[in-house]
Amino acid sequence: MARPQGAEESLCVASDGSECLQDAPAEQGWEQGVALQPQADLLLDSPTADAAARPVDLARDGNRNRHAHRPYFSGGILALFILAGLIGPLIAPHSTTHVSLSLFLRPPVFAGGTWAYPLGTDELGRDVLSRLLGGARISLLVGLSVVVLSGAFGLFVAMISGYLGGRIDAILMRFTDATLAFPTILLAIVLASIFGASEQNVIIILAVGGWASYARVIRSEVLRLKKQDFVVMAVVMGAGPLWIIRRHLIPNVMSTLVVLATLQLGAAILSEGAMSFLGIGVPPPAPSWGGMLAGGSNYLTTAWWLALFPGIALSLTVLASNLMGDWLRSRSDPTGRR
Amino acid sequence: MLQIENLRVAYLHDNRRSIAVRDVSFDVPTGVTVGLVGESGSGKTTVALSVMRLIKPPIGDIEGGKVRLDGVDLLTLSNKAMRTTLHNDIGYIPQDPTAALDPLCKIGRHVDETLSSKIPKAERRALIISLLESLGVRNAATRLGSYPHEFSGGMCQRVAIATALARGPKLVIADEPTTALDVTTQLSILRLLDAQRRERGLSMLFVTHDLAVAQMLCQYVVVMYAGEVVEKGPTEEVIRRPRHPYTRALVGAIPQPTDTPRARLRAIPGQPPAPVQDRSGCPFAPRCPLAESACSAMPELKELDGVEVACWNARVEEEESAVAQTR
């Protein structure tokens, strides 16, 4: 664009604001070589653009981008996982625990097996597909319970610690540090050997080990948020601590909470697998992906399907929950930028 | 009206106290805008926050003084009574309009939250729309469902102002509300605030470091330096004929349209003193061109020709010479 327009621009800014830099008629006029004088009139007469009118389009664009990346893959996998967890045992072709040694180590259908046992059988002749479906229920139950319990407790600690501050904050955070510093699997072994291995204990152990990261991360968010002007304004409007926590702090940490929760969902399912693998998780004969992996690892060279299918199920579920968390995070942020 | 008497505020670091506001006294009469001016760190924001009792341990401590709103000392109120007072009588307009609004809260809800839930919903909605329209938000009805990030800075500030005004407060405290805005938006926001003050008979405490803004909006100004009031009086008098050398230097530091291009800005040499526990003498003396032996004792505020000024050498000088002197 030719340089002389600079003079017009500054004139125009002084007269009616920033909008006129994008003033379409003036731009066109200049390109068509209209003389300088009429153009100045155009600029000066042009109505001030409504500063409020534009952002609506921005918002629409944001929505369009947001919908362009629907999480079909992770959503599909998670839906399958949840469906399997809910109704899996009902549609399973065989019992998950019925042992029939005469059927042991049948290969899956595509490796020379029969349709009666599509994914083969294990060393005790149990149907792998049925146990996989049964294991989904346990993984789902353990994962969700751990996430809800530790998330709620972590959020609670973070709100008290971050909002009240001072000595309470110091005490709670040292406690959090101690929990974070303690290796979860060691804690799990100790607690499991004291209280015994059961599904319920697995949930409690993982929740006890898992709340601290929520508390830590969300507390720092609260510290940042409570200094924000909108919280100060709420205080000046006479809002009490509970109101501020409920209306301003919790909604604003939700995206962080969701990310942490989905990451932890994957981690909890993995940890349950690890615990079952070590024999301190869900006790056999109940089907658990980790337990199936542990059992299958003895037969890797002869019956690969025993470890492969629970391994795939575990990896896909963890991957899908991580991807879903990422998508939820970008969606829950209204600016869609973070 | 708001009366501040001998307000003394300290900030706490570890076990040290640094005094940010020393024995500050001034009044904000009903229906009047008082500008609190001074450079960064002069304690002007601290005064404003102290009125709302937002300075409390472990950050800071209001050590003494009285802050009376219509005769009631806010500093001695119970927490609950203070909350009621804040809710009903005081509106606060913060500096950064984009941070003033909760990013997850729709525009309408910001204003709505300050209103009593006893008012029926439809009535509240109508109220909010008319308030926003009167503050220059066009098509307010269709914009109530927008999120703050869909608004420009100036629009966000209008919403913040609406939030502050919705309850019909007696006192509005504005902490540099136009600093984050560009000059043209700044002007329209200032006009708006002034119109609202007239219309509602508001008392307004307006914190700013911009003398031009203070001159435009405020009937009175209080000039603060290093936590103390050095000069206070009617705006025109203080800015046209500054009596305190600090005010004179501040006025002189305003760039003039007549300045030649590339002319040096007229900064005040030196740095403001660190906020310390004890101090003797005039805090401005180390930077003052008129300093003399008398300045090692603290000057009291005394009246000189309608303006109160704390300086041993206070005198009325004409505008031009004031500017010339600091050059």
Side-chain angles (χ1 to χ4, degrees), chain A residues 12-21 48-63 164-170 224-241 243-244 246-255 332-338, chain B residues 49 52-54 57-59 79-80 82-106 109-110 113-114 136-140 142-143 146-155 158 160 163-164 166-167 169 173 175 182-185 187-188:
Chain A
C12 165
V13 170
S15 68
D16 71 355
S18 54
E19 294 302 319
C20 55
L21 289 181
T48 314
D50 186 1
R54 224 166 11 114
V56 176
D57 298 324
L58 283 176
R60 230 175 265 137
D61 284 350
N63 283 336
L164 296 182
R167 193 160 293 165
I168 296 167
D169 179 40
R224 181 181 65 80
L225 286 167
K226 78 171 182 181
K227 291 207 183 79
Q228 299 266 306
D229 278 340
F230 64 81
V231 173
V232 177
M233 271 184 83
V235 173
V236 175
M237 281 185 261
W243 173 276
I244 289 169
R246 195 161 51 88
R247 294 302 280 266
H248 294 294
L249 296 184
I250 289 183
N252 273 291
V253 299
M254 252 359 236
S255 60
S332 67
D333 177 11
T335 55
R337 258 182 278 133
R338 249 193 294 175
Chain B
L49 296 179
M52 299 179 283
R53 287 218 332 224
L54 291 177
I59 297 162
N79 281 337
K80 195 160 177 253
M82 184 63 199
R83 267 175 62 188
T84 314
T85 307
L86 284 171
H87 185 47
N88 290 330
D89 298 336
I90 300 179
Y92 172 58
I93 305 169
Q95 176 170 359
D96 182 355
T98 51
L101 306 179
D102 186 336
L104 299 178
C105 229
K106 288 174 179 170
R109 220 184 88 188
H110 276 99
E113 278 191 349
T114 64
V137 179
R138 274 176 242 180
N139 305 322
T142 59
R143 320 231 55 209
S146 303
Y147 284 98
H149 78 275
E150 297 170 347
F151 270 40
S152 66
M155 284 295 143
R158 288 166 213 263
T163 310
R167 287 286 301 186
I173 294 173
D175 187 1
D182 65 68
V183 187
T184 46
T185 317
L187 185 66
S188 58

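Residue numbering restarts at 1 for every chain, and letters A, B, ... go by the order of the sequence lines.
Partner of A/V236 under the side-chain contact (heavy atoms from CB on, under 4.5 Å) criterion, out of B/T163, B/L54, B/I93: B/L54 alone.
Here the closest heavy-atom approach between residue A/V232 and residue B/Y92 is recorded as CG1-CE2, 3.7 Å. When all heavy atoms of B/A160 and A/M233 are compared, the closest pair comes out as O-CE, 3.8 Å. Listed here is the closest heavy atom pair of B/P103 and A/N252: CG-OD1, 3.6 Å. A pairwise comparison of heavy atoms in A/H248 and B/C105 identifies CE1-SG, 4.4 Å as the closest pair.
Contact annotation for A/A239: only backbone heavy atoms (N, CA, C, O) come within less than 4.5 Å of a heavy atom of chain B.
Annotation for A/K226: atom NZ counts as buried by contact number, over 12 foreign heavy atoms lying within 6.0 Å.
Considering only heavy atoms from C-beta on, B/R109 comes within 4.5 Å of A/R247 through its side chain.
For chain B, the option among A/L225, A/V235, A/D229 with the highest count of heavy-atom pairs below 4.5 Å is A/D229. Considering only heavy-atom pairs separated by less than 4.5 Å from chain A, the leading option among B/P97, B/G136, B/A100 is B/A100.
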